[in-house]
Every structure is written in C-alpha cells, then in structure tokens.
Amino acid sequence: MSAEATNPATPGPVTGAAARWRARIDLRRLGRAALLGPAARDRLPDAIGHVAEAHRAHHPDADLEPLRRAWVLAESSHRGQMRKSGEPYITHPLAVTLILAELGAETTTLTASLLHDTVEDTEVTLDQVGEEFGAEVRFLVDGVTKLEKVDYGAAAEPETFRKMLVATGNDVRVMSIKLADRLHNMRTLGVMRPEKQARIAKVTRDVLIPLAERLGVQALKTELEDLVFAILHPEEYEHTRELIVDNAARADDPLAEIADEVRGVLREAGIPAEVVIRPRHFVSVHRTARKRGRLRGADFGRLLVLVGEDADCYAVLGELHTCMTPVVSEFKDFIAVPKFNLYQSLHTAVARGDGQVVEVLIRTHQMHKVAEAGVVALGNPYAPPSDPSEAPGASTGAGADEERVDPTRPGWLSRLLDWQAAAPDADTFWSTLREDLAQDREITVFRPDGGTLGLPEGATCVDAAYAQYGEDAHACLGARVNGRLATLSTVLKDGDTVQLLMGQDPAAEPSKEWLEHAHTPAARIAIQRWIATHPSHETPEEIVERGGAADVARATTAEPPVADTPDSVGRVTAESQTSDNPAADHPGAAVVLVDQPGATVRLAGCCTPVPPDEITGFAVRGGVVTVHRVECAAVERMKSVGRTEVGVRWGDTAGCRVTLFAESFGRPHLLADLTEAMAGEGAEIVSATVEPPSQQRVRHTYTVQLPDAARLPSLMRAMRNVAGVYDVSRAQTPGA
C-alpha cells in the first residue's frame with residue numbers, strides 16, 4: 001500500500017501543524033465512523049466534518065458535494081484495509097486531505113486527495129474516477145499513483161517520481177498531494193523497521209523537501225525537515241529539543257519584549273498591523289546553534305509583522321529603522337525581487353540594548369498565505385473557461401492524458417522536465433534528480449534580446465548555452481559576459497548579461513572538458529550523451545600527448561602516398577582548438593613530410609608547431625603521426641612511454657595556423673586596437689578568449705590563420721607594439 005502506517009503517538013517533533021492536527025482530529029474515532037458506512041445523501045458525513053470546516057475557512061462558497069461523493073467512494077473501497085498501526089486505512093487519505101484543506105487547497109485537489117490511493121490499492125479504476133469526478137480529478141489521482149514493482153523492479157521508485165514530475169509539469173497540484181501524503185506517512189513512521197525509516201527519511205530529505213521548498217510550501221517543508229531530523233540525527237535532535245525546552249522555561253522573553261515595543265511604534269505611527277512571534281522549528285534552531293554557538297533568547301524565534309498592503313510593508317520598515325537600531329547587513333527585499341518559489345517578504349533585524357539581535361519579517365496577509373502554502377494557496381490555476389465545451393476532458397475529445405499548458409510553471413520545473421526526458425535510464429535520472437534538487441539557489445541572467453535564463457547558483461556559460469539552445473549548444477564557440485569576451489567556464493552571477501557566440505557547423509562537437517564546467521543536469525546529460533554516441537579511440541597516453549586539449553578534428557592526407565617513395569606527404573587539415581571553442585577549427589594549409597608511408601598527420605594541440613619551427617613526430621594509434629615542436633614538454637613524455645619517433649619536416653609553407661597568448665594591462669579599446677593590429681598583418685582570427693581582468697592584467701588567447709608562416713614574427717611584433725600589451729608568446733602547454 002502507498003501509505004505506511006504507525007502509531008500516532010510516535011515520538012517526534014511536535015510542530016505547530018502536527019499539534020493542530022492531533023488536537024483537532026482523533027484518527028481512531030474517524031476510523032470507527034468510517035466503518036459505520038456512508039452517510040445519507042442529504043448531509044455531510046461526520047467523518048469529514050473537520051475537512052469541510054477547514055475548507056470553508058478558505059473557500060466559504062465551496063460546493064462540498066464532490067467531497068461527500070469522494071468520501072463515500074474512498075471509504076467503501078478501502079473498507080477492511082488496515083494500516084500497520086492497526087487503524088482503518090481510510091484514516092490516511094482523510095488525514096492527507098485535512099492537511100491540504102488547512103493549507104487552503106481548492107475542492108478539486110481535496111477530492112483527488114481523498115481518492116489518491118483508491119486506484120493503487122483497491123479495485124477502483126482510473127476510468128471509474130474519471131467518469132464519476134471528471135478529467136482533472138482523474139489526472140491528479142493518476143499523477144500520484146505508484147508504478148508497480150512487478151513491472152519495473154528496482155526502477156519502480158525512480159520511475160514513479162519521474163512520472164509524478166511529468167504530471168506536475170502539467171498540474172502542480174499533483175505534487176501538492178504527494179507532499180501532504182509524505183508528511184502524514186512521516187508523522188506515522190514509528191512502526192516501521194529502523195532501516196526502512198532511514199531509507200524513507202533519506203528520500204524525503206533528498207527529493208521531497210527540496211520540492212516542497214521549490215513549490216513554496218513552507219508549512220510542509222519545515223515539518224518534514226523536523227521529522228527527518230528526528231530519524232536521521234536522533235542525538236542532535238534530542239539536544240535541540242532540550243535547548244528549546246530550557247528556553248521556554250525562562251522567565252524573561254526578549255522576543256515578547258521586542259514584540260510589545262514594535263506594536264507601540266506602529267500604533268503611534270498609525271499603521272494597522274499584527275505582530276506575532278514565530279518560534280523557529282527544530283532544524284532552524286539546530287542550524288542557528290551551529291552558526292552562532294551559544295544561543296540567546298532572541299535566537300529561538302523571529303517576529304512576524306502582517307499588514308494589509310504592499311506599501312504598508314515599507315512603512316513598517318521605515319518606522320522600525322527610525323525608532324530602533326537596525327542591523328543593515330540583515331536587510332533583504334523579497335517583495336521587489338521575489339524568490340523563485342513565489343516567496344515575498346521584507347527581512348530586517350533590530351538590535352536590543354543587551355546586544356541580542358531580533359530578526360523581523362514584514363509581509364502582507366496574502367504574502368503570508370503564499371509563504372506558508374506556496375502553490376497550494378494559488379487555488380486552481382487550471383480553472384476551465386466559461387464555455388464548458390472548451391474545458392479539458394469535454395466532449396470534444398480532450399482527455400485527462402492530454403498535456404495542459406501552465407503559464408505559471410516555474411522555470412526550475414521546466415528545466416527539470418527538459419533534462420529528465422534525456423536521462424538514459426532510471427539510475428541516471430534518480431542520481432541526477434537528487435543532484436539537481438540539492439542546488440537550492442537560483443540566479444537570473446539576461447540575454448541580449450531581452451529574454452532571461454534561470455540557472456542554479458554556480459552555473460557557467462556552458463550551462464547557459466545548453467539552457468538556451470539545448471543540444472545545438474554543441475556549436476557554441478564562446479561567450480560575452482556583460483559585454484566582455486569570456487571563457488565558457490566563467491561562473492555567472494545574478495544579473496549578468498550573457499551573449500553566446502554560436503558557430504554554424506551542424507556537426508559541431510562539444511568538448512569533453514566542458515563536463516568540468518557543466519553545473520546543470522541539462523548540460524551534463526547532453527554532453528555525456530554525445531560522448532557516449534561518439535566513443536573516443538584515443539589511449540590515455542594520447543590524451544596526455546595532446547595536453548588535455550579539446551577533441552581535435554580528424555586529420556586527412558591531401559592525396560594518397562606513392563608506393564615507391566620513402567616519404568608520405570600529409571597536408572595538415574586540423575591543428576589545435578582552445579578548450580572552450582570546439583567548433584572554431586578549420587582546415588589549415590601547412591604541409592608536413594613524414595617518413596612513414598600512409599600516415600595521417602596531426603599537429604599537436606599542446607605546442608601548435610608552424611613553419612619554420614624545428615619539429616619531430618610520434619606514431620600513435622590509427623596510423624596517425626603527431627607533430628610537435630622539439631622543445632615541447634610532451635616530447636620527453638612521449639619518449640618515456642616508448643612512443644616511436646618518426647622523422648618529419650616541413651613541405652609547402654603556404655599557410656599556417658597558430659595559437660598565441662597575449663598579456664596586457666586593462667584599458668578601454670584595447671581589444672579593438674589589438675585585433676586591428678592583427679588584421680593588418682593578414683591574420684584571420686579563428687577563435688579568441690579573453691579572461692576576466694586580475695589585478696588590472698588581462699590574458700588573451702588567439703588562434704589565428706596566416707597566409708604565410710613567414711609572417712608570424714612580424715605578427716607577434718605588431719601585437720607587442722599595441723599600447724598596454726607587455727608580452728606575446730606561442731602556445732605551450734606545461735609538462736604534466
């Protein structure tokens with residue numbers, strides 16, 4: 001069965017929501033009422049009276065008939081089933097529904113909640129649910145119904161979550177029901193074996209709690225955190241409980257004193273407001289103790305100021321900062337800039353005379369409702385249009401399985417749905433989901449066209465490329481961040497403007513090194529999938545030989561060698577690329593003569609030899625000879641691993657490609673002056689990377705194509721003559 005049972009008297013943190021639940025409802029009494037049979041049609045069953053009362057508190061005009069019918073079906077279908085604690089099974093869907101009703105869920109969600117286990121655990125079918133309650137209820141029940149282990153084996157749990165997340169992408173109420181379901185199961189987990197308790201608690205910690213945070217359902221998230229804390233860290237939990245009990249026994253309460261003072265300040269200012277004390281939950285107290293060490297009275301809670309209008313929030317802030325001593329570093333404005341999970345509030349702090357700091361939250365009543373209930377407080381974002389024929393599931397043929405578009409779907413959910421579709425198997429999906437949900441902060445970056453990208457904190461230009469272009473990002477050449485050239489490994493900050501420089505090659509290849517800079521699952525999975533379908537034929541020695549550079553395009557011979565000649569003529573068609581520009585490479589024109597018939601020539605990416613450099617070659621796999629400058633550090637490494645040295649020499653030197661490093665002091669127009677000087681020497685810039693300034697110094701990397709290798713010395717001189725440039729050198733990878 002989907003809901004695990006326990007004794008309701010299980011020891012554990014009794015938070016505000018849990019206390020209200022236990023005070024307002026007797027599970028055993030409701031179970032006995034359920035066994036007496038369905039109520040008459042002319043009145044609401046006593047067993048769901050508390051649900052109806054909580055629902056009407058948020059929706060006074062709600063039609064309760066669907067709830068009555070859902071109760072009748074749920075009670076009759078679950079009759080005879082018992083939880084492991086010995087209670088009638090119907091007490092579980094009833095408890096889940098009450099949790100959602102207290103959060104303000106609308107009638108459709110509550111109806112589906114009462115029925116959420118019927119398809120999974122009874123003879124009721126989805127078609128029957130749809131016929132009786134409509135397409136939306138059918139969709140919600142289907143969304144939270146587990147996949148069978150007999151069909152999916154060990155993959156059943158991750159695939160169930162994948163199914164649930166896809167359904168959530170169409171209707172966020174699916175996840176609301178799942179979160180409430182998990183909360184009641186966690187409240188009643190005590191009859192399970194310790195190892196099973198730990199397993200469920202870890203999944204709750206890694207998946208359900210981050211999802212509750214992202215959906216803004218703080219009331220569920222905080223209680224889930226405390227319940228997980230009690231199971232996985234019993235000693236720390238007990239210590240935290242003792243701290244809370246000891247503080248409650250104190251005679252003085254600094255929070256109460258400050259609350260009275262705040263009420264007086266606002267009363268004198270003529271600002272109608274409600275000031276309440278918000279005790280910290282167990283995990284919050286534990287975190288505060290780890291951060292601050294010894295806790296004082298003001299550390300065990302915060303003040304919450306509730307007002308009527310947005311403008312009143314700022315008026316309260318002004319009065320507090322005028323009449324009390326504000327702690328400026330604690331101020332945050334989440335009203336002007338809401339969090340990605342809908343949260344809005346002003347955060348500030350004031351200092352008492354004894355040095356204690358009291359945190360204050362300021363928000364409207366509506367903001368508070370959303371802060372507590374998140375998406376649950378939004379009601380039904382999928383309400384049908386006024387014309388019933390246009391509603392989902394109407395006679396036009398639109399069914400519950402047809403995808404519905406949610407214009408308010410959070411960006412993080414859209415990204416999650418994108419990458420999960422590309423996850424090749426259940427294990428990859430499950431591990432990547434946990435990794436993705438562990439990234440609990442989001443930044444917004446701007447595109448030059450005025451659009452935005454939402455990315456997790458720590459994301460790089462690689463992540464931005466795949467977020468904007470999907471797998472077309474394989475052709476990304478580089479980026480500009482806030483107008484300046486930047487490497488694709490550059491970590492982005494909130495508010496940055498990112499312009500991605502894209503190549504036109506449809507067969508462009510991503511660099512394997514991008515995996516080191518890919519922070520998002522979408523980027524990592526796309527790169528890994530390309531690598532998996534394009535296996536490398538290189539040995540580890542060959543990877544070392546090329547200095548760990550990005551994949552080099554295959555070199556080809558200009559023409560077949562003549563059988564009776566000792567030399568093979570190889571026209572080099574690919575040399576090096578920078579690690580962030582896999583599509584920047586184009587065929588060069590330098591020709592190398594090789595003392596190995598039939599060989600293909602490749603210029604080493606670590607030292608980019610060009611005429612008239614003194615060169616040597618080494619035979620590697622596939623009949624390829626790599627060519628190095630003789631002073632290259634890789635030469636000694638190749639010799640030490642027993643590579644066969646091959647005689648090579650320059651042939652036709654009509655053109656060449658080379659990578660140059662330039663170091664300069666930062667100044668306006670430097671980049672324009674430098675590229676102009678390079679163009680004056682006939683150099684075609686194939687790719688360019690400019691690192692962010694460090695101590696007023698800037699490092700540039702250019703790969704250029706020259707029509708004649710003899711022009712290289714004059715090109716380097718011209719670059720050095722640009723004002724501010726103090727060094728120009730050839731690419732040379734240091735020894736391993």
Side-chain angles (χ1 to χ4, degrees), residues 165 205-218 221-222 225 283-284 287-288 290-291 329-347 371 374-375 409-420 423 431-448 451-470 473 476 479-484 486-500 513-528 580 691-692 694:
L165 287 168
R205 177 196 63 193
D206 296 345
V207 179
L208 274 303
I209 288 175
L211 286 171
E213 167 71 18
R214 280 159 174 72
L215 293 172
V217 194
Q218 293 298 317
K221 179 218 171 193
T222 54
E225 283 185 325
V283 170
S284 180
R287 289 171 180 160
T288 304
R290 293 185 63 181
K291 182 172 69 172
S329 61
E330 295 291 325
F331 173 68
K332 297 182 180 68
D333 188 345
F334 295 116
I335 294 179
V337 185
K339 289 187 177 181
F340 66 90
N341 61 0
L342 309 177
Y343 178 86
Q344 287 186 288
S345 191
L346 294 179
H347 289 203
V375 296
R409 186 166 77 185
W412 66 265
L413 182 54
S414 296
R415 293 195 302 276
L416 187 153
L417 293 173
D418 288 342
W419 70 252
Q420 70 81 24
S431 60
T432 307
L433 175 65
R434 294 183 180 212
E435 177 187 339
D436 190 12
L437 293 176
Q439 301 167 352
D440 57 1
R441 294 191 61 188
E442 185 170 275
I443 63 171
T444 299
V445 298
F446 297 91
R447 306 198 311 249
T452 61
L453 293 174
L455 297 167
E457 188 176 49
T460 66
C461 292
V462 171
D463 299 308
Y466 284 93
Q468 182 169 348
Y469 294 106
C476 189
R480 292 181 183 273
V481 177
N482 301 324
R484 302 181 66 123
T487 64
L488 289 180
S489 61
T490 300
V491 176
L492 299 170
K493 299 187 296 295
D494 195 38
D496 279 348
T497 297
V498 181
Q499 177 187 2
L500 298 163
E513 293 182 3
W514 288 4
L515 279 175
E516 300 175 13
H517 314 304
H519 196 67
T520 59
R524 294 188 65 83
I525 287 177
I527 298 169
Q528 288 169 338
D580 285 329
E691 298 177 10
S694 175

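In this chain, numbering begins with 1 at the start of the sequence shown. Keep in mind that the numbers below use all heavy atoms, side chains included, and drop hydrogens, waters and symmetry copies. What you are looking at is a predicted structure, and each value in this text was computed from that prediction instead of being measured.
In terms of heavy-atom proximity, Leu500 sits nearest to Ala465 at CD1-CA, 3.4 Å. Thr497 and Pro448 get closest at one heavy-atom pair: CG2-N, 4.5 Å. Cys476 and Leu488 get closest at one heavy-atom pair: SG-CD2, 3.8 Å. The shortest heavy-atom contact between His517 and Asp463 is O-OD2, 3.7 Å.
Separation of atoms CD1 (Ile527) and OH (Tyr466) is listed at 4.0 Å; rounding is to 0.5 Å. Interatomic distance, NZ of Lys221 versus CG of Asn341, reported as 8.5 Å (0.5 Å rounding). To the nearest 0.5 Å, atoms OG (Ser345) and NZ (Lys339) are separated by 9.0 Å. Taken from CG in Leu342 to CZ in Phe334, the straight-line distance is 13.5 Å, to the nearest 0.5 Å. Annotation: the span from Thr444 atom OG1 to Asp494 atom CG amounts to 5.5 Å, rounded to 0.5 Å. Of the inter-residue distances, the one linking Thr460 atom OG1 with Leu492 atom CG reads 6.5 Å to the nearest 0.5 angstrom.
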Might you work through the side chain to side chain contact (heavy atoms under 4.5 Å, CB included) test for Arg205 and Glu225, ending with a clear yes or no?
CA-CA 7 Å; Arg205 177 196 63 193; Glu225 283 185 325; over 6 Å; no
Side chain to side chain contact (heavy atoms under 4.5 Å, CB included), that's the test. Do Leu165 and Leu211 meet it? Break it down for me.
CA-CA 10 Å; Leu165 287 168; Leu211 286 171; 4.1 Å; yes
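Partners of Arg447 according to the side-chain hydrogen bond (donor to acceptor under 3.5 Å, both in side chains) rule, which considers only residues two or more places apart in sequence or in another chain, are Asp449. Every residue meeting the salt bridge (charged side-chain N to carboxylate O under 4.0 Å, His left out) condition with Asp206, not counting sequence neighbours, appears here in chain and number order: Arg434. For the side-chain hydrogen bond (donor to acceptor under 3.5 Å, both in side chains) test, no residue two or more places apart in sequence or in another chain qualifies with Thr288. The side-chain hydrogen bond (donor to acceptor under 3.5 Å, both in side chains) check on Arg480 picks up nothing, with sequence neighbours excluded. Under the side-chain contact (heavy atoms from CB on, under 4.5 Å) criterion, Lys493 pairs with Asp496, sequence neighbours left out. Every residue two or more places apart in sequence or in another chain was checked for a side-chain hydrogen bond (donor to acceptor under 3.5 Å, both in side chains) with Gln344, and none qualifies.
Within the 3.5 Å criterion, the main-chain N or O of Leu346 finds no donor-acceptor partner in the side chain of Asp333. Using a distance-only test at 3.5 Å, with no hydrogens or angles considered, a donor-acceptor pair links the side chain of His519 to the main chain of Glu457.
Contact check for Thr520 versus Pro456: side-chain heavy atoms found under the 4.5 Å cut-off.
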